[in-house]
Participant: 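So that we are looking at the same thing, I have put the structure below in structure tokens.
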Amino acid sequence: QVQVVESGGGLVQPGGSLRLSCKGSGVIFRLYTMEWYRQAPGKQRDLVASISSGGTINYADSVKGRFTISRDNTKNTVYLQMNSLVPEDTAVYYCSVGGGYWGQGTQVTVSS
């Protein structure tokens, strides 16, 4: 069956960096658009970044210039490099495979 597993979250101080990873299995990974979403307490789940099978990348305005999405199809993995983190980035970050398969999420907390 399809499995999507995120990792790399944690507690970081404002201005710091984290790198999230998402590994998919049970699908032909390279054919899918991969997406990172985040959901803060009491808020809706929002798209943060996406990368298509052809490498087209899109970012939410709030993370442009700070976050970088990339993928390694040989490892069935998508990454989200997050720099210059601010408290407003605090959320559970979810990975999606083609919008249809989801991971369990990884918590990112930005706090001093």
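Model, not experiment: these values are computed from the prediction.
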Participant: Say whether Tyr32 and Val2 are linked into one hydrophobic cluster, either directly or through other cluster members, by side-chain heavy-atom distances under 4.5 angstrom.
Facilitator: yes
Participant: Do Tyr94 and Val63 sit in the same hydrophobic cluster, where Ile, Leu, Val, Met, Phe, Trp and Tyr count as joined when their side-chain heavy atoms come under 4.5 Å apart?
Facilitator: no
Participant: Donor-acceptor check, side chain of Thr90 to backbone of Val110, threshold 3.5 angstrom: yes or no?
Facilitator: yes
Participant: Do Trp102 and Leu47 sit in one hydrophobic cluster, given that two such residues count as connected whenever their side-chain heavy atoms are within less than 4.5 Å of each other, even indirectly?
Facilitator: yes
Participant: Look at the side chain of Gln13 and the backbone N and O of Ser112, then say whether any donor-acceptor pair between them is shorter than 3.5 Å.
Facilitator: no
Participant: How far does NZ of Lys23 sit from OH of Tyr79, to the nearest 0.5 angstrom?
Facilitator: 8.0 Å
Participant: How close do Ser96 and Gly100 get, counting heavy atoms only, and between which atoms?
Facilitator: OG-N, 4.0 Å
Participant: Given side chains that start at C-beta, do those of Ser17 and Val12 come closer than 4.5 Å, heavy atoms only?
Facilitator: no
Participant: What's the spacing between Arg71 CZ and Ser52 OG if we round to 0.5 Å?
Facilitator: 7.0 Å
Participant: Atom CD in Gln81, atom CG in Leu20: separation rounded to 0.5 Å?
Facilitator: 9.0 Å
Participant: Less than 3.5 Å apart, which donor and acceptor atoms pair up between the side chains of residues 33-44 and the rest of the protein, not counting sequence neighbours?
Facilitator:
from, atom 1, to, atom 2, distance (Å)
Glu35, OE1, Tyr37, OH, 3.4
Arg38, NH1, Asp89, OD1, 2.8
Arg38, NH1, Tyr93, OH, 2.9
Arg38, NH2, Ser62, OG, 3.4
Gln39, OE1, Arg45, NE, 3.4
Gln39, NE2, Lys43, O, 3.1
Gln44, NE2, Asp46, OD1, 2.9

Participant: List the atom of Val78, the atom of Cys95, and the distance in Å for their closest heavy-atom pair.
Facilitator: CG1-SG, 3.8 Å
Participant: Treating Tyr59 as the side-chain partner and Gly65 as the backbone partner, does any N or O pair qualify as donor plus acceptor under 3.5 Å?
Facilitator: no
Participant: Taking the side chain as C-beta and beyond, is there a heavy-atom pair between Met82 and Arg66 under 4.5 Å?
Facilitator: no
Participant: Working to the nearest 0.5 angstrom, can you tell me the gap between Ile57 CD1 and Thr68 OG1?
Facilitator: 8.0 Å
Participant: Set out, in order, the CA-CA distance, both residues' side-chain angles and the distance that settles side chain to side chain contact (heavy atoms under 4.5 Å, CB included) for Ile28 and Arg30, then state yes or no.
Facilitator: CA-CA 6 Å; Ile28 304 176; Arg30 60 181 172 82; 4.0 Å; yes
Participant: Above 12 or not: heavy atoms from other molecules or residues under 6.0 Å from OH of Tyr101?
Facilitator: no
Participant: Going by the salt bridge (Lys or Arg N to Asp or Glu O under 4.0 Å) test, which pairs reach into residues 55-65, not counting sequence neighbours?
Facilitator: Asp61-Lys64
Participant: Mind listing the closest non-hydrogen atom pair of Thr77 and Ser21 along with its distance?
Facilitator: CG2-CB, 4.3 Å
Participant: Minimum heavy-atom separation for Val27 to Val97, with atom names?
Facilitator: CG2-CG1, 4.1 Å
Participant: Tell me the closest heavy-atom pair linking Gln104 and Val4, and the distance in Å.
Facilitator: OE1-O, 3.7 Å
Participant: Search all heavy atoms of Leu85 against all heavy atoms of Leu18 and return the closest pair with its distance.
Facilitator: CD1-N, 3.9 Å
